[in-house]
Colleague: 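Dropping a structure here in structure tokens format, bear with me for questions.
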Amino acid sequence: MTELPAADRFGEGRDDNPYWNESVWFSFSIPQRRLHGMIQYYFRPNMGMLNGGPVMWDPSGTSQWDCLYYNWSHLQAMPAGAQKFAMTARNSLSVEVLEPLTRYRIGYDHDDFRMDLVWEAVGPIHELRTGDPGQQSTAKFHLEQPGRMTGTVHRHGERYPIDCFSMRDTSYGARDYESLACGGYFWGIADGTAFHALCMGEGRTAKCVGGFLWRDGELGSLVDGGREVLEYGRFGPTEVVFDGTDQLGRTVHATGIIDPGLVFTGYTDHTVVWSLAEWDVAGVTHWGDNQEFSPAERFRRVARGEIVLGA
């Protein structure tokens with residue numbers, strides 16, 4: 001069997017740090033139903049541990065205990081012989097490489113919740129290089145890639161057909177979240193075009209520290225830009241504007257409407273409000289998401305009304 005390319009394998013140069021992390025994430029959605037979801041998992045190979053699984057939600061429930069489905073399982077043993085994209089977890093999540101760097105099959109069957117999905121690339125891979133010390137402490141290598149997710153999800157007798165734009169990412173390196181600040185990780189995809197950005201900042205404005213613009217068949221890393229929050233909801237932004245410039249001198253101006261989203265506390269030391277996002281870029285709708293992250297203690301103070309967003 002031909003060896004998989006590096007981005008489809010566990011990372012090179014792993015040391016003995018117990019917090020060495022190998023992560024994988026795929027998104028899926030049914031935008032017309034405001035339904036959003038993810039498949040995310042990460043290995044801690046030096047601990048022999050695997051965390052993660054599928055999550056699905058819509059506005060009817062945005063907590064882990066009342067969303068449509070949640071089995072982001074902690075404390076699973078790393079399966080014997082598992083590879084980054086070739087494994088079956090204890091909670092039944094399975095992943096398989098169909099075509100290196102291009103197509104992946106995702107399966108799941110537990111709690112009367114089933115998934116049979118295929119992710120396929122629609123654009124090139126981009127390696128995220130931020131230069132931000134806090135972000136660098138969470139990943140030695142990190143990539144994103146725009147794609148399309150197709151297939152079906154079944155939940156308690158209801159069938160959900162999936163055919164949507166989807167971003168994926170994967171990373172490796174020692175993850176030390178104690179240095180993580182506040183910010184947003186967001187993206188949007190339309191036919192033949194996509195953007196992604198990581199913006200860091202606690203207030204209404206946040207500086208872009210990395211991302212990409214894919215347009216007219218060319219991919220360029222973002223070198224400048226920022227996000228402004230125009231309106232807040234209870235836990236995070238509901239309307240934002242983003243402006244960025246890539247290394248080719250091209251610009252992107254995107255306005256985003258952000259759903260309330262899932263309050264995700266799977267990481268314990270920080271909280272993410274994970275939301276479906278509808279972006280307008282030069283009159284073209286781009287579907288994507290917004291992952292608004294914050295240290296857990298700060299988020300608790302926001303939830304208790306001790307910190308007022310945008311004040």
Side-chain angles (χ1 to χ4, degrees), residues 5-8 25-32 36 38 97-104 117-132 135 139 141-150 162-171 183-200 205-228 230 239-258 275-291:
D8 279 341
W25 162 72
F26 299 93
S27 73
F28 67 93
S29 61
I30 304 178
Q32 298 79 6
H36 202 41
M38 64 171 177
V97 178
L98 299 179
E99 183 180 347
L101 307 179
T102 303
R103 295 177 69 235
Y104 304 85
L117 300 170
V118 172
W119 186 95
E120 183 166 1
V122 299
I125 284 172
H126 177 259
E127 183 177 352
L128 181 67
R129 298 174 182 264
T130 70
D132 178 77
Q135 177 64 20
F141 169 83
H142 195 292
L143 68 80
E144 289 82 24
Q145 186 176 23
R148 192 165 201 101
M149 188 76 84
T150 57
I162 305 298
D163 185 356
C164 63
F165 290 117
S166 167
M167 192 72 78
R168 78 173 182 109
D169 76 17
T170 184
S171 73
Y185 176 102
F186 53 90
W187 56 274
I189 306 173
D191 286 326
T193 181
F195 73 94
H196 162 260
L198 172 63
C199 290
M200 307 291 285
T205 59
K207 179 177 174 54
C208 179
V209 298
F212 70 80
L213 175 61
W214 177 54
R215 183 187 293 161
D216 298 327
E218 290 191 277
L219 182 78
S221 295
L222 295 178
V223 295
D224 193 19
R227 186 191 73 173
E228 180 182 359
L230 303 180
E239 186 175 355
V240 300
V241 60
F242 172 72
D243 286 283
T245 303
D246 74 2
Q247 66 193 98
L248 304 175
R250 302 175 302 175
T251 60
V252 56
H253 175 80
T255 57
I257 302 299
I258 298 171
S275 303
L276 180 70
E278 182 177 356
W279 300 91
D280 183 300
V281 181
V284 178
T285 298
H286 288 53
W287 288 105
D289 77 9
N290 183 76
Q291 300 165 31

Colleague: Roughly how far, to the nearest 0.5 Å, is CD of Q145 from OG1 of T102?
Modeller: 6.5 Å
Colleague: Below 6.0 angstrom between ring centroids: does that apply to F242 and W279?
Modeller: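 No: the rings miss the under 6.0 Å criterion.
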Colleague: Between N290 and A277, what is the shortest heavy-atom contact and its length?
Modeller: N-CB, 4.2 Å
Colleague: Under the ring-ring contact (aromatic ring centres under 6.0 Å, His included) rule, collect the residues that match up with H196, sequence neighbours excluded.
Modeller: Y185, F212
Colleague: Under a 4.5 Å cut-off applied to non-hydrogen side-chain atoms, are F28 and C164 in contact?
Modeller: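 When only atoms from C-beta onward are counted, C164 and F28 do touch, with a gap below 4.5 Å.
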Colleague: Which distance, rounded to the nearest 0.5 Å, do you find between the CD of Q291 and the CE of M38?
Modeller: 8.0 Å
Colleague: Are K207 and M200 close enough that some pair of their side-chain heavy atoms sits under 4.5 Å apart?
Modeller: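 Side-chain contact under 4.5 Å: no.
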Colleague: Are L213 and H126 close enough that some pair of their side-chain heavy atoms sits under 4.5 Å apart?
Modeller: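 They are not in side-chain contact.
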Colleague: Quick one: are L222 and D246 in side-chain contact, heavy atoms under 4.5 Å?
Modeller: yes
Colleague: Which value, rounded to the nearest 0.5 Å, describes the distance between R103 atom CZ and L98 atom CG?
Modeller: 5.0 Å
Colleague: If we ignore angles and hydrogens, is there a donor and acceptor under 3.5 Å between the side chains of S166 and S27?
Modeller: yes
Colleague: If you take all heavy atoms of L219 and P124, which pair is closest and at what distance?
Modeller: CB-CG, 3.9 Å
Colleague: How close do C199 and R227 get, heavy atom to heavy atom, and via which atoms?
Modeller: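 That would be SG-CB, 3.9 Å.
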Colleague: Of all residues at least two apart in sequence or in a different chain, which pass the side-chain hydrogen bond (donor to acceptor under 3.5 Å, both in side chains) check with S275?
Modeller: none
Colleague: Looking at side-chain heavy atoms only, is the closest gap between E278 and W287 below 4.5 Å?
Modeller: yes
Colleague: Could you tell me if the side chain of H253 sits less than 4.5 Å from the side chain of V241, heavy atoms only?
Modeller: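 Sidechains of H253 and V241: in contact.
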Colleague: Is any side-chain heavy atom of L101 less than 4.5 Å from a side-chain heavy atom of I125?
Modeller: yes
Colleague: Report the relative orientation of the aromatic rings in F195 and H286; use parallel for angles under 30°, tilted for 30 to 60°, perpendicular for over 60°.
Modeller: tilted
Colleague: Taking the side chain as every heavy atom from C-beta outward, state whether T251 and D243 have any pair of such atoms under 4.5 Å apart.
Modeller: no
Colleague: Could you list the residues that satisfy salt bridge (charged side-chain N to carboxylate O under 4.0 Å, His left out) with R148, not counting sequence neighbours?
Modeller: D163
Colleague: Would you name the heavy atoms of H36 and S29 that are closest together and state the gap between them?
Modeller: ND1-CB, 3.4 Å
